[in-house]
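Note that the structure is predicted; figures quoted are calculated from it, not measured. Both counts, for ligands and for their atoms, begin at 1 and track the order of listing.
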Amino acid sequence: MAGAIVLLAALAVEPASAGSPARPWQDRSLCADARADLLLAEMTLREKLRLVHSDGAWAGAHGKPPAGAIGGAGFIPANPRLGLPAIQETDAGLGIANPKNVRPGDGATALPSQQAIAATWDPRIAEAAGAMIGDEAHRKGYNVLLAGGVNLQREPRNGRNFEYPGEDPLLAGRIVGATVRGIQAQHVLATVKHYALNAQETGRLSLNARIGETALRGSDLLAFELAIEYGHPGAVMCAYNRVNGSFACESATLIERILKGDWKYPGFVMSDWGAIADGAKAIAAGLDQESGEDTHFGAALDQRIAAGGVAPDRIDAMVRRILRSMFAAGLFDVPASVRPIDVAGHLQVSRRVAEAGAVLLRNSNRLLPLSARVSSIAVVGAHSDIGVIGGGGAATVVPWGGRAAIALPAPPPHARWGPVMYYASSPLRAIRAKASAARVDYASGSDIAAAVALAERSEVAVVFVQQWASEGFDLPDLEWSAHQNALVTAVAAANPNTVVVLQNSAPLNLPWLDQVGAVLEVWYPGASGGEAIANLLFGAVDPSGRLPFTWQRNERQLPRPLLPYAGEPQGSAAIPAMQTIDYDIEGADVGYRWFDRNRSAPLFPFGFGLSYTAFDYGAASVSVAEGAVATTVDIVNTGSRPGSEVVQVYVRVPGAKARRLAGFQKVHVPAGGQVRAKVIVEPRLLAEFDALERRWVLAGGEYEFQVGRSAEDLQPAIAVELPPGPVCTDPAPSAAPGCYASPPRDRAVRDHSPAMPL
Ligand code: BGC
């Protein structure tokens, strides 16, 4: 089993030495802070300064990676005098990246997109996904992963939404926190990024995101706050954009006051690549490490120190944070080294994530699951004879063997973010394996008439549609290509048993929805996507994913119906240098909250997803004990097959315009079985952030709790009178009596094995 292999190998690389008199910081019985202090005291100024700037480590920047670098995003050489390991950084939002083929031919396991991981609503699966990429990183010699994208989906056209976990702060924070926990359990330091409000790519290097503090604390920052509490990432990466006038990497409000002050974050802050405009401001704001492409913390910093512009204490504080995170994540004690990787086991992890995150959006007349006895199937479109598509930009993963099933050039003018990668996990082949007695034929879809002819003579038609997205630019609109729309419409007219499989990152308009039998959302499904899709179509697994965002009926329902300059490439002269995006329009009411506040009905609500079985909910109850507010409900599986249900708890705070997700739990219920779900709600969702007092407070009054299957499919409200009071974010209520207590954190992986049953 993959987990056991991981554990054995981790023990095998454990160095024998525990501290020595010469290097007391090697003493593992000391805490990370003490070890960091001991090492810091030993360092010269030059050695310290080497730690606050990483070099770019891809071939493109320098012709070849710097000496000693494996090749990736960033690199800091080792310091043999002190036993400091080299810092080897790679992107890894969805697997270990290989930018510009800097490691020729080196592949890795691609996970499904972060949207798929969020759609599992299952922190255990997110943690297993993190453990998988952490293990792969460690065995390739990397010790810092630029993973953990946790920006909220405020803009459905955002090109990077496939790297992000949807629109809700609680779901996003718990899922990304779990991923980070999984990564760091492998002795690899992880980031959360991009702090904050990098919610679109159009104009990302200059745009100014405007929002009031209470709204920001209750939305995007809450996602970061929770991800940090649940995952303890060693680093936070600040974003390219401005927030309320200051560049995020130069914002003392974001870094010093909120992150390091209010949240007491002990790790370090690194810049995004090229995100610093003014080095002095960045240092004053609390930035600790400059990344890759910038040159503000190199020779320029030396000069500033010599001129007395930066105090030695400030450099010490930066270095102490970096060292502390390195010790805490185990970079000294269990160094990364090149060792064999359990590729087959990792592909299984990727498959399980894809299966658990797929969302069944429509299933008329129970068309799905397909019977293995079906006589003939037409498989159509999206290169599904060969593989499944992935997203572009820094998060692109090169498949194992270094060769994609297909690698198409990115459409101009976005060539630099390509190629458009297809993983060699063929849905056609996997469908054939499931229906061995059936005649299964393929039509590429480029010739619509040929696809229609095939669909006409088949019992079932499965049409694949796809939409590619990438870092660096946004989608110009929310439409599939006209050709794909025409293809689906024509096939559906030819065959009433048409299933559409969506591979996408955005809630694209579905003009043919009522004409097709079933729709299965599989996101970018990762390196085992084909097998996962076949398992879902034939019911080997129940689709238990639920939407991590709201699917609008049309763009007029959105806070910003238009995205100016959408589709323009990074650096386009058409985009104004100082573009302000007014997030105060929706404030903290992102996504389903915006729809609720406007009494606007979406096409598919947040949290929605069908199952092959059926669940009945008993009457829910709400209890308050020792500061913990909990909702309890019995779930009965009334169908004849096992399935998983996501119990969602929404709360309407007195006076609030919109309800909020305050807790959730995914439960597995055997056929005919009953399970009791007890969900302790996160009290920050019952509270407002008081920007003057700088704390979360419940105003008190009548709170309406609703339990249900999505943001729209809810049981009648239960009104509960709650007294006013502060929130204590420490999960142990006894630590601070008289406050509302956060739920216990999700389980931490201690044994380095994936927590997920495979
Ligand atoms: C992206 C980051 C990434 C970095 C290094 C930037 O363009 O915004 O997410 O980690 O590049 O590759």
Side-chain angles (χ1 to χ4, degrees), residues 53-62 65-66 69-76 87-103 108 113-114 133 137 142-151 158-165 176 179-180 183 188-207 209 224 227 233-242 247-249 268-277 287 289-294 391-398 410 414 416-418 469-474 505 569-571:
H53 169 89
S54 72
D55 299 330
W58 39 54
H62 305 280
I70 303 171
F75 171 70
I76 299 175
I87 303 279
Q88 306 272 6
E89 297 176 345
T90 177
D91 276 295
L94 309 167
I96 310 304
N98 184 356
K100 300 171 184 151
N101 203 23
V102 60
R103 304 182 310 280
S113 62
Q114 180 80 271
I133 52 176
Y142 289 105
N143 52 13
V144 175
L145 287 191
L146 312 175
V150 69
N151 297 89
N158 179 10
R160 291 189 94 168
N161 280 338
F162 74 93
E163 295 185 56
Y164 298 143
V176 172
T179 310
V180 166
I183 293 171
V188 174
L189 190 159
T191 64
V192 288
K193 67 185 188 184
H194 308 86
Y195 186 67
L197 282 168
N198 189 173
Q200 67 177 54
E201 291 298 277
T202 308
R204 68 172 173 168
L205 301 182
S206 57
L207 72 80
F224 275 96
V236 171
M237 185 193 293
C238 50
Y240 283 123
N241 51 283
R242 293 178 170 95
F247 279 110
C249 293
F268 67 98
V269 181
M270 68 163 75
S271 58
D272 200 344
W273 272 237
I276 305 175
L287 185 73
Q289 190 181 67
E290 169 185 64
S291 306
E293 292 169 356
D294 270 322
T396 309
V397 178
V398 173
H414 306 301
R416 66 178 277 210
W417 303 109
S470 170
E471 177 182 351
F473 64 97
D474 295 322
S505 68
Q570 185 168 307

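Side-chain contact between Phe75 and Glu89 is absent, with no heavy atoms from C-beta onward closer than 4.5 Å. With a 4.5 Å cut-off on side-chain heavy atoms, Trp273 and Asp91 do not count as touching. Annotation: side chain of Gln289 is in contact with side chain of Ile76 (closest heavy-atom distance under 4.5 Å). Side-chain contact check for Tyr164 versus His194: some heavy-atom pair is nearer than 4.5 Å. No side-chain heavy atom of Asn241 sits less than 4.5 Å from a side-chain heavy atom of Arg204.
For ligand 1 and Trp273, the ligand atoms under 4.0 Å from any heavy atom of the residue are 4 (C), 5 (C). Heavy-atom proximity to Met237, at under 4.0 Å, picks out these atoms of ligand 1: 10 (O). For ligand 1, the atoms sitting less than 4.0 Å from at least one non-hydrogen atom of Ala394 are 12 (O), numbered in the order shown with element in parentheses.
Heavy-atom distances between Glu471 and ligand 1 reach below 4.0 Å in at least one pair. Under the 4.0 angstrom criterion for non-hydrogen atoms, Arg204 is in contact with ligand 1.
Looking at Asp272, its side chain never comes within 3.5 Å of a backbone N or O of Met237 through a donor-acceptor pair.
His194 NE2, 2.7 Å is the protein heavy atom nearest to atom 9 (O) of ligand 1. Protein heavy atom at the shortest distance from atom 4 (C) of ligand 1 is Asp272 OD1, 3.5 Å.
Counting heavy atoms closer than 4.0 Å to ligand 1, residue Arg160 contributes side-chain atoms (C-beta onward) but none from N, CA, C or O. Neither the backbone nor the side chain of Trp417 has a heavy atom within less than 4.0 Å of ligand 1.
Of the listed options Thr90, Leu146, Asp91, Leu205, Asp91 places a heavy atom closest to atom 3 (C) of ligand 1.
At least one N or O atom of Lys193, backbone or side chain, sits closer than 3.5 Å to an N or O atom of ligand 1.
The aromatic rings of Phe473 and His414 lie parallel to each other, their planes meeting at an angle below 30°, with 60° marking the opposite boundary.
Distance check: Ile276 CD1 to Ser291 OG gives 7.5 Å after rounding to the nearest 0.5 Å.
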